[in-house]
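These numbers come from a predicted model, not from an experiment. Residue numbers start from 1 in every chain, and the chains themselves are labelled A, B, ... in the order their sequence lines are given, proteins ahead of strands.
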Amino acid sequence: AQSVTQLGSHVSVSEGALVLLRCNYSSSVPPYLFWYVQYPNQGLQLLLKYTTGATLVKGINGFEAEFKKSETSFHLTKPSAHMSDAAEYFCAVSEYGSNYKLTFGKGTLLTVNP
Amino acid sequence: DAGVIQSPRHEVTEMGQEVTLRCKPISGHDYLFWYRQTMMRGLELLIYFNNNVPIDDSGMPEDRFSAKMPNASFSTLKIQPSEPRDSAVYFCASSFAGGRETQYFGPGTRLLVL
């Protein structure tokens, strides 16, 4: 069975600082990995995804994530935080054999301080 | 493209009442997913459809919950009778066979059962 662990339910950074949101997964087959962002009172928006190929994936709004199989990790980073990045971020995993059912982590709330 | 459309956006009802949530997937998408989001349990997959046929309803909490997809452009999630513990945000998502690893989410329905 697949699972996702997001380390830290709340991360606070200063504007302009590095953003690092951690995600570790468990999967019995090569996974597909996703980061979604949820702004207050809105649905989930896809930030980026890893399926196959290059392990460093670039997404929208300057975010990127690196798939590290040996560490079973898919951490999300952004070099310089902006106030508009404040939101909740969800890491998710799906497997081909599961018919692409998504399993989500608990989410990490990102706060950006001026 | 209009994206996934959900209605109503907010619903307040009293315990014991029937609640119907509606979803219109993105045109051309043949997979439809219903999720529930709560503080305690995070994002949970309730049920998903492929070509209007329910494929996996193992996440439906109990018999009070039912979902239908009478055609490719409409799905409902019904709770009868509703209970306070059903209070949550319910999301609908859709994807298409060629890129079904990626799900697109609607804005959600915030349900409060008093």
Side-chain angles (χ1 to χ4, degrees), chain A residues 1-10 21 23-25 27 29-53 57-60 65 67 74 87-109, chain B residues 2-10 21 23-26 29-51 53-60 88-112:
Chain A
Q2 55 198 31
S3 66
V4 175
T5 301
Q6 290 185 240
L7 298 175
S9 59
H10 187 194
L21 304 183
C23 172
N24 288 89
Y25 69 91
S27 175
V29 299
Y32 292 168
L33 295 160
F34 306 82
W35 278 99
Y36 282 86
V37 59
Q38 184 179 28
Y39 298 101
N41 299 315
Q42 295 187 26
L44 279 73
Q45 179 182 1
L46 181 67
L47 264 182
L48 50 78
K49 66 179 180 182
Y50 168 80
T51 53
T52 59
V57 181
K58 295 186 184 302
I60 61 173
F67 168 58
F74 191 58
E88 189 151 24
Y89 292 79
F90 293 90
C91 182
V93 62
S94 74
E95 297 176 354
Y96 172 80
S98 71
N99 213 4
Y100 301 106
K101 288 198 303 184
L102 280 174
T103 299
F104 285 89
K106 295 292 188 184
T108 298
L109 181 64
Chain B
V4 176
I5 299 172
Q6 292 186 246
S7 64
R9 293 294 310 276
H10 302 273
L21 311 181
C23 175
K24 176 179 170 56
I26 293 172
H29 283 195
D30 47 6
Y31 283 82
L32 185 138
F33 304 81
W34 281 101
Y35 290 88
R36 178 172 68 174
Q37 184 181 36
T38 62
M39 290 292 291
M40 292 297 294
R41 300 174 68 90
L43 272 157
E44 304 173 278
L45 176 65
L46 300 178
I47 185 171
Y48 77 94
F49 296 82
N50 177 217
N51 290 324
V53 176
I55 303 300
D56 185 346
D57 66 354
S58 59
M60 295 286 262
V89 181
Y90 291 82
F91 289 103
C92 177
S94 69
S95 65
F96 68 101
R100 58 184 165 155
E101 76 280 357
T102 302
Q103 297 178 22
Y104 298 86
F105 283 74
T109 295
R110 188 173 296 273
L111 174 65
L112 177 60

For the atom pair [atom1] ([X]) and [atom2] ([Y]), what is the distance rounded to the nearest 0.5 Å?
{"X": "B:T102", "Y": "A:K49", "atom1": "OG1", "atom2": "NZ", "result": "2.5 Å"}
{"X": "B:F105", "Y": "A:Y36", "atom1": "CZ", "atom2": "OH", "result": "5.0 Å"}
{"X": "B:Y48", "Y": "A:K101", "atom1": "OH", "atom2": "NZ", "result": "6.0 Å"}

Margin query: We want to know whether B:R110 and A:N41 form a side-chain donor-acceptor pair, criterion being a heavy-atom distance below 3.5 angstrom.
Written below: yes
Heavy-atom contact with chain B under 4.5 Å, split by part of A:Q38: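 Looking at A:Q38, just its side chain touches chain B.
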- Query: Which bit of A:L44 is near chain B, if near means a heavy-atom gap under 4.5 Å: side chain, backbone, both or neither?
  - Reply: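 Backbone plus side chain of A:L44, per the 4.5 Å heavy-atom cut-off to chain B.
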Contacts of B:K24 meeting salt bridge (Lys or Arg N to Asp or Glu O under 4.0 Å) (sequence neighbours excluded), chain-then-number -> none
Taken in chain and number order and not counting sequence neighbours, the residues that satisfy ring pair (Phe, Tyr, Trp, His ring centres under 6.0 Å) with A:Y89 are A:F63
Most heavy-atom pairs under 4.5 Å with chain A, out of B:G42, B:P107, B:C92, belong to B:P107
*Flag the pair B:F33 / A:L102 as yes when at least one side-chain heavy-atom distance between them is below 4.5 Å, and no otherwise.*
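When only atoms from C-beta onward are counted, A:L102 and B:F33 do not touch, as no gap falls below 4.5 Å.
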If one checks every heavy atom of B:Q37 against chain A at 4.5 Å, the contacting part turns out to be side chain
